[in-house]
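Since this is a predicted model, take the numbers as computed values, not measurements. We use all heavy atoms of the structure for the numbers below, so side chains are in, but hydrogens, waters and symmetry mates are not. Residue numbering restarts at 1 for every chain, and letters A, B, ... go by the order of the sequence lines.
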Amino acid sequence: MSRYDPSAIEPKWQDTWEAQQTFRAERAEDRPKYYVLEMFPYPSGRIHIGHVRNYTMGDVIARYKRSTGHNVLHPMGFDAFGMPAENAAMASGGHPKDWTYSNIDTMVGQMKPLGFGLDWSRMFATCDPEYYGQQQALFLDMLEAGLVYRKNAVVNWDPVDMTVLANEQVIDGKGWRSGAEVERRELTQWFFKISDFSEELLEALDTLDDWPAKVKLMQANWIGKSRGLQFAFSTIDAPEGFDRIEVYTTRPDTLMGASFLGISPDHPLARQLEKDNPDVAAFCAEARKGGTTAEALETAEKLGFDTGLKVRHPFDTAWELPVYIANFILMDYGTGAIFGCPAHDQRDLEFARKYELPVISTFVPAMGEDAFILPEEGGPAYVPPKPETVRYINFFAGEEAQTGDEAIEAAVEFCEKNGVGHGVTKFRLRDWGLSRQRYWGCPIPVVHCDACGVVPEKKENLPIELPYDEDGAAIDFNIPGNPLDRHPSWRNVPCPSCGQPARRETDTMDTFVDSSWYFARFTAPCAETPTNMADAEYWMNVDQYIGGIEHAILHLLYSRFFARAMHLTGHLPEKCKEPFNALFTQGMVTHAIYRTKGEGGRAVYHYPEDVELRDGKGFLADGTEVEIIPSAKMSKSKNNVVDPVQIIQQYGADTARWFVLSDSPPERDVEWTASGAEAAFKHLGRVWRIAAEAAEADAPANEHDEALLREMHKAIHDVTLGIESFGFNASIARLYAFTNVLGKSGAGGEAKRQAARVLAQLMSPMTPHLSEEIWAMLDGEGLVADAAWPVADEAMLVEDTVTMPVQVNGKRRDEITVPKDMAKDEVEKLALKAQGVQRALNGGAPKKVIVVPGRIVNVVA
RNA sequence: GCGGGCGUGAUGGAAUGGUAGACAUAUCGGACUUAAAAUCCGAAGGCCUUGCGCCGUGUGGGUUCGAGUCCCACCGCCCGCACCA
């Protein structure tokens, strides 16, 4: 008998699937469809073991659904625009396009040996002109529908690289690449009107039953709905045009505790004042510095500048409040101006103490008010928990009220009734700035004309292709800034409206745009329009989407917005407004780090193959013990990256697939270990041997057959349940157990063959090649990939007799074996007679006996 | 600061409120072998007085005939958001 040899088996079956077009998806109106999608990869150059885990999970679902009669769409593509391609061009010459497509070739070449049941005919990369041209068409439709607009915005500007940076690219106030101090600069940028959908995107989260609660919560927090009062303070002797200053507050009930008005350094009034007053200008410049990162904001000291201006309190015109410019007030939330109530806001209290402003309480705890220390005396601000009953002393004087939403609403109503402002709902979600001053992205299809202004490109001129200049003649990536801006000819075009010489927009789109609708494009990747309604109608929505938690907010929120925008512009049916029916966020594949201390205490990282593991400790060849840091994120610099290509060469794809699914639940991280991979390989070899033995077994049917077949049906039941509930690790554990039973069974040849065929089927979503091989070995009909999923026979799941533990006062004392449908009182009699129970009762009479049929008996003594 | 999640053997982890530790790794023992590899069989939560024993799912309480699971408090770890008015 030969050995399990994946290198012989795997290519053979991959060729068969390819030849038979097994995973080609064709519309078939008479069959139920199932669309399973994994978040498509960025073509960084090589596939990562994390990709293997992600796509294997999708493949398990896809193959399982196929075998349960679904018409499955399971596509793959590449999220191919973005900065790494330009950085590679800068670092080592070459062209981003060549770099990207060559990486894609490599990665496809690495993915195919993994045997994923993908419809490769639908593959595209977002940098294909056929794709981004359709994206430009979509953009033009969205522009026409008022879903895209231009405005000035404050952005992170890297003065060395001369480009806008995303917040994530600003580290400690410095550009991540250039290291230059980042400035806040105002630029005219393109924006998607995602904020128009704030309410809808928030509300619809409730309908996403098959999304992780965590992701929905993160999105809800990101959208950040709040209810409050917007009103104006009237000013005294302020510059012209600033008679009133609008503020927004979520705590209108603290209005009578106001002691100052604060405005953002970017507030129009601050900008006005800074024109004539160098002190103001200096303060504002200082306050604006330091980028907008979380870290920068956290460490920043709260600073204020007294403008000398005064405003009148809306409820008491004799009451005047000073106006401060403060560095902690954001221009793009609310109105960019606040009133400070130090008694009931810790931040305002600190500000008030620093600038010696009054602290006025508006309410005290209803109970135990004597214990309440007013903040003047050094205590913290009184911010009552919600809900808590408080007594107002300075507004709705004497009234008791519950804090919380109702109190806010009551205060809003009171203010409205008295002509002070109106209730408003605000969202934290801001419009999505999509302009990037980069080359390797989708060109924004508009033209700037001196006569006509900003003119959309004509659709017949699409795609607006990037100038590739592959000899590098015109495009130089080594000069900072956007190469498109410097290109000698590309930007010079006639105005689509008047025909006069005009300039093309040189900003390209944020790469998140590319990934916001690719799932829809997969339903008709060659359509002449962004989508084809018949295909979208049939294939959408994505039934199961699988990807990393790191996309919980941006990608998934943008996609939800795009699906709505595509519906409004006629590119998707109404039912696609929520494009992902179910979402699963999988964990990472981690690997231990092996570390020693080198010269000067510097950490030295060792490759796993250089470390010998003995008794849970690691040693180098020279005997030095290494420190083991378990379960760490893979990182090149830590030398703990596992290369899937190497694993496939060593063990085959099925082993890699089997291992990444075993051991840990899919949502959790799984640690790659050499011993685990080795064990997975050994197990598959064992399955192969057991199946080969079964194929040749000639023992006649016998008394062991039934036990084996019962186990088989139980395995069908449990494994199916595991797959359907994303409990792949549990399914695999069950398959191990069933294999052990089959391996030891004394059943006849026919029963063994039947069990082995079912084993092959149950394993086929995880280890498709091995399963095909076994299926063929056992004369299975056609391909296991085309075979109908086995169904557990309910009757075989229940044993005729059951062994029930018997407890006395919750402690197990004995067990009894009874027919499965024995009457409760019979069971009770037997249980009480059991030796262990008698002993525990020690002659005493039981007070009560609880019989849970088929499960357990508990005697209460 | 706000929000969420998780604590089970040496390790990854199983357990619709019903025999805690399935399955696997590492470990130990045995068979086969000149030997090794491969393969197969077996042991294994802790403790002691080795019993028909006691203890055991972060800690302390509670609900229940029965709690890893439900409730309350605390401790620890992880994640997300964060001058959001």
Side-chain angles (χ1 to χ4, degrees), chain A residues 3 212-222 224 226 228-229 247-251 254 262 264 294 296-302 326-330 332-341 345-348 350-351 383 426-428 430 549-550 552-553 613-616 630-631 659 662-665 667-671 673-680 682-683 685-686 689 718 727 729-740 743-744 803-815 835-836 838-840 846-852 854-861:
Chain A
R3 292 164 59 113
K214 182 186 170 78
V215 172
K216 289 191 277 187
L217 194 72
M218 281 165 73
Q219 291 217 354
N221 289 340
W222 186 265
S226 70
L229 180 78
V247 301
Y248 171 70
T249 179
T250 56
R251 295 300 307 278
T254 65
S264 162
L297 295 171
E298 192 166 6
T299 51
E301 193 190 356
K302 283 160 191 59
N327 65 345
F328 63 86
I329 300 168
L330 305 172
D332 44 11
Y333 187 80
T335 62
I338 62 158
F339 75 82
C341 176
D345 182 290
Q346 189 59 33
R347 190 187 46 204
D348 291 347
E350 281 161 27
F351 193 84
V383 185
K426 294 238 183 243
F427 294 91
R428 206 183 74 100
R430 295 167 211 164
I549 187 75
E550 66 272 20
I553 297 174
L613 295 172
R614 289 196 304 265
D615 295 348
S631 213
F659 180 75
S662 62
D663 277 11
S664 280
E667 68 275 15
R668 260 191 254 179
D669 292 349
V670 64
E671 180 165 2
T673 60
S675 57
E678 181 74 30
K682 283 182 187 173
H683 177 73
R686 194 160 160 255
R689 262 194 318 279
D718 294 351
N729 59 321
S731 288
I732 285 184
R734 196 63 189 77
L735 285 164
Y736 268 108
F738 178 48
T739 306
N740 290 342
K744 287 174 193 171
T803 301
M804 293 169 73
V806 183
Q807 300 179 331
V808 177
N809 291 334
K811 283 194 203 301
R812 184 176 179 282
R813 294 299 176 190
D814 210 329
E815 60 181 36
Q835 270 193 7
Q838 287 292 322
R839 236 182 347 259
K847 286 190 191 134
K848 193 174 167 188
V849 180
I850 287 132
V851 178
V852 184
R855 283 228 167 256
I856 201 164
V857 181
N858 192 13
V859 178
V860 186

Contact class for A/Pro665 vs. all strands (heavy atom < 4.0 Å): base, sugar-phosphate, or nothing?
sugar-phosphate
Are any non-hydrogen side-chain atoms of A/Phe328 and A/Ile338 less than 4.5 angstrom apart?
yes
Sub-3.5 Å pairs of nitrogen or oxygen atoms, protein against nucleotides 48-53 of chain B:
residue : atom : partner  : partner atom : Å
B/rC52  : O2   : A/Arg839 : NH1          : 2.6
B/rC52  : O2   : A/Arg839 : NH2          : 3.3

Check whether any side-chain N or O of A/Arg347 sits under 4.0 Å from OP1 or OP2 of B/rC84, and answer yes or no.
yes
Is the distance from OP1 or OP2 of B/rA85 to the nearest side-chain N or O of A/Tyr248 less than 4.0 Å?
no
Do nucleotides 17-30 of chain B as a string where each nucleotide becomes B, S or -: B if the base has a protein heavy atom under 4.0 Å, S if just the sugar-phosphate does, - if no protein is that close.
-BB--BSSSSS---
Toss me the dot-bracket line for RNA chain B: Watson-Crick and G-U wobble, both under 3.5 Å, 5' to 3', using | for pairs to another strand and [ ] for crossers.
(((((((..(((.....[....))).(((((.......))))).((((..).)))..(((((..]....))))))))))))....
Look at the side-chain N and O atoms of A/Arg430 and state whether any lies under 4.0 Å from the OP1 or OP2 oxygen of B/rC84.
no
Reckon A/Ser662 touches a base, only the sugar-phosphate, or nothing at all at heavy-atom distances under 4.0 Å?
nothing
Is a side-chain donor or acceptor of A/Thr250 paired with a backbone partner of A/Gly228 at a separation under 3.5 angstrom?
no
Looking across every strand, which nucleic acid part, if any, lies under 4.0 Å from A/Lys847 by heavy atom: base, sugar-phosphate, or nothing?
nothing
Taking A/Ser664 for its side chain and A/Asp669 for its backbone only, find out whether a donor-acceptor pair lies under 3.5 Å.
yes
Could I get the full list of side chain to side chain donor-acceptor pair (under 3.5 Å) partners for A/Ser675, not counting sequence neighbours?
none
We want to know whether A/Ser662 and A/Tyr736 form a side-chain donor-acceptor pair, criterion being a heavy-atom distance below 3.5 angstrom.
no
Produce the list of close N/O pairs, under 3.5 Å, pairing protein atoms with atoms of nucleotides 42-45 of chain B; give distances to one decimal.
residue : atom : partner  : partner atom : Å
B/rG42  : OP2  : A/Lys744 : NZ           : 3.4

With syn defined as a glycosidic angle within 90° of 0 and anti as everything else, classify B/rG60.
anti
Residues which pass salt bridge (charged side-chain N to carboxylate O under 4.0 Å, His left out) with A/Arg430, listed by chain and number, not counting sequence neighbours
A/Asp332
